[in-house]
Amino acid sequence: MAAPGLFEQARGLTREQRNAFLAAWLGWAMDAFDFFLVVFVLSDIAKEFGRSTTEVAFLTTVTLIARPIGALVFGIWADKKGRRIPLMVDVLFYSAMEVLSGLAPTFTVLVVLRFLFGLGMGGEWGLGASLALEKIPPEKRGFWSGLLQQGYPVGYLLATIANFLVTPYLGWRWLFVLGAIPALIAFLIRTRVGESEAWERTQEKVALTKVGPGQVFLQPKVLRRFLYLIVLMTLFNFMSHGTQDYVPTFLKEDFSASTGTVTVVAIIYNVGAILGGAYFGALSERFGRRRTAAACAVLGIPVVFLFAYSPVLGLVTLGAFLLQVFVQGGWGVVPAHLAELSPDEVRGFYPGVTYQLGNAIASFNLPIQAALAAAYGGSFALAAVIVPVLVLTAVVLLLGPEARGKVFGEVSPTGAPSRPD
């Protein structure tokens, strides 16, 4: 039977399925909103606390360091006790840390609060995506995976707009206070979402087989796949951060772009990201997760040169738009791909920890690009990182496994767990 098209995948969800998806989407959008808020207001925070910009940049590092820890802690809890309650506690926790960040009296307190916030945000993506995708029918996962992942560029877009509208009038602290609003909305929505049926079926499987999450994770094949996914997520995060983090600086330094111009360019290329994620996510139901994402990486390679080396800002903007179509098009398969490659017994922590470890490693992207730009120019800094990463991402994808259409929590007629992928 042919895979359903984009519009067929988009239709037919129940209210609970839509609520689970919307809550996960809002949580993921807030992740990006927060990350880019700090990037935008580094100089404001530095000025208020009498610190250098380099010192204040440590705030992003400490948050990224905390995220894998949070993914592990909340993920283990979710695999033992279910998705719903850990997610709701997680949302309330990081919402509180977000508001308190805006009230921090000293820089040291702010560092501690950003670490605690990172713990909460580390748990959000893996658990939220798992709950949402465990509820969505397998044949519709591609589109909703792509749409879920585009919460990230939407969060980036909202951070860009919020910084432009709020910071000049109310200061950086109000950005963090307002940043808790989407999370609290996500909490209210999650109160209307029931437990994951796939997790409940998995508990029946564990009761039959007497093989718990710890024993499953220590199986050699599961461990090898875990390491593979960390490598894959490191490349994906380098692909994303390499095409985003240095761009505002590149536009300002190489094209003398104003803050307003940078905002407009960011809006344009984030629209491309949203379109690419939804379209290629849906397309992966027909062509597979690996081949779709690998094709996006390959298609992005020639666009890099339009983006990085065009002499006029208009062509750079066009290149940025097209590049994000392909970069986030590839990212669109990630939530579904990670969920499908995760054993049922450890789907709470497995996707989140692999993603967050990859993200932590890729946090070195901005210092690398900044150093290359200082030595060789902004165009070289962008191309020298992005092109090799796109090539390696395509290769690693095509060499890896896939489990498109996997039924979560499935038990064979004999009562034994379904065959591992």
Side-chain angles (χ1 to χ4, degrees), residues 1-14 16-18 20-21 24-25 83 125-126 128-150 196-202 204-205 216 219 221-222 224-226 228-229 232-233 236 276-296 329-348 350-352 354-355 394 396-414 416-421:
M1 184 175 65
L6 187 151
F7 293 109
E8 288 76 13
Q9 292 181 48
R11 293 197 295 262
L13 294 190
T14 66
E16 176 156 318
Q17 289 167 342
R18 289 195 299 270
F21 170 83
W25 186 90
R83 316 296 191 218
W125 187 87
S130 293
L131 178 60
L133 292 174
E134 284 174 344
K135 286 184 173 291
I136 289 173
E139 69 276 7
K140 298 179 183 290
R141 272 188 212 135
F143 170 79
W144 293 100
S145 171
L147 200 60
L148 172 61
Q149 193 59 31
Q150 297 329 299
S196 164
E197 296 83 356
W199 177 81
E200 292 173 340
R201 291 195 299 269
T202 299
E204 297 173 5
K205 181 200 303 186
V216 170
Q219 294 173 3
K221 183 175 181 179
V222 175
R224 286 195 301 270
R225 182 173 293 182
F226 186 76
Y228 164 79
L229 290 177
L232 184 63
M233 287 299 95
F236 263 91
Y279 177 75
F280 286 104
L283 208 63
S284 72
E285 286 298 336
R286 178 177 300 176
F287 297 106
R289 315 295 187 215
R290 295 179 305 133
R291 287 191 292 175
T292 301
C296 286
W331 262 102
V333 311
V334 167
H337 194 46
L338 289 185
E340 290 165 344
L341 290 177
S342 299
D344 292 325
E345 295 84 353
V346 291
R347 193 172 295 108
Y350 203 85
T354 53
Y355 165 76
V396 172
L397 275 165
L398 294 175
L399 291 176
E402 179 166 337
R404 174 168 50 106
K406 176 180 178 180
V407 178
F408 297 147
E410 186 177 35
V411 179
S412 73
T414 63
S418 57
R419 182 176 60 83
D421 305 311

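Just so it is clear, the values below take in all heavy atoms, side chains as well, and ignore hydrogens, waters and symmetry mates.
Of the possible polar contacts, one joining the Trp331 side chain to the Phe236 backbone as a donor-acceptor pair under 3.5 Å is found. Judged by distance alone, the side chain of Arg290 and the main-chain N or O of Gly400 form a donor-acceptor pair under 3.5 Å. Between the Arg18 side chain and the Leu13 main chain, a donor and an acceptor come within less than 3.5 Å of each other. A donor-acceptor pair under 3.5 Å is formed between the side chain of Tyr228 and the backbone N or O of Val396. Arg291 places no side-chain N or O within 3.5 Å of a backbone atom of Leu398 that could act as its donor or acceptor partner. In this structure, Tyr350 contributes its side chain and Phe226 its backbone to a donor-acceptor pair below 3.5 Å. Side chain of Thr354 to main chain of Pro351: a donor-acceptor pair is present (N/O by atom type, distance under 3.5 Å, no hydrogens or angles). When atom types are taken as modelled, the side chain of Arg225 and the backbone of Leu341 share a donor-acceptor pair closer than 3.5 angstrom. A donor-acceptor contact shorter than 3.5 Å is absent between the side chain of Glu345 and the backbone of Val216.
His337 and Glu402 get closest at one heavy-atom pair: CE1-CA, 4.1 Å. Shown here for Ala336 and Ser145, the closest heavy-atom pair between the two residues is N-OG, 3.0 Å. A pairwise comparison of heavy atoms in Ala129 and Ala24 identifies N-CB, 4.3 Å as the closest pair. Across every non-hydrogen atom of Thr292 and Gly288, the tightest pair is OG1-O, 2.7 Å. Of all heavy-atom pairs between Leu397 and Ala294, the closest is CD1-N, 3.5 Å. Nearest heavy atoms, Gly281 versus Ser284: O-OG, 2.6 Å.
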message = Between Leu133 and Arg347, is the side chain to side chain contact (heavy atoms under 4.5 Å, CB included) condition met? List the steps.
response = CA-CA 11 Å; Leu133 292 174; Arg347 193 172 295 108; over 6 Å; no

task = Dump the intermediate steps for side chain to side chain contact (heavy atoms under 4.5 Å, CB included) on Leu147 and Phe21, then the final yes or no.
result = CA-CA 9 Å; Leu147 200 60; Phe21 170 83; 3.8 Å; yes

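Two residues are said to be in side-chain contact when any heavy atoms from C-beta on lie closer than 4.5 Å; Lys406 and Asp344 meet this criterion. Using a 4.5 Å cut-off on side-chain heavy atoms (C-beta onward), Pro335 and Trp125 make contact. Phe408 places none of its side-chain heavy atoms less than 4.5 Å from the side chain of Ser196. Side-chain contact check for Gln17 versus Lys140: every heavy-atom pair is 4.5 Å or farther apart.
Rounding to the nearest 0.5 angstrom, the gap separating the CD atom in Gln149 from the CH2 atom in Trp144 is 15.0 Å. Residue Arg404 holds its CZ atom at 10.0 Å from CZ of Phe287, rounded to the nearest 0.5 Å.
With sequence neighbours excluded, the residues satisfying side chain to side chain contact (heavy atoms under 4.5 Å, CB included) with Pro138 are Arg141.
A salt bridge between Glu197 and Lys135 is present, with a side-chain N of the basic residue lying under 4.0 Å from a carboxylate O of the acidic one.
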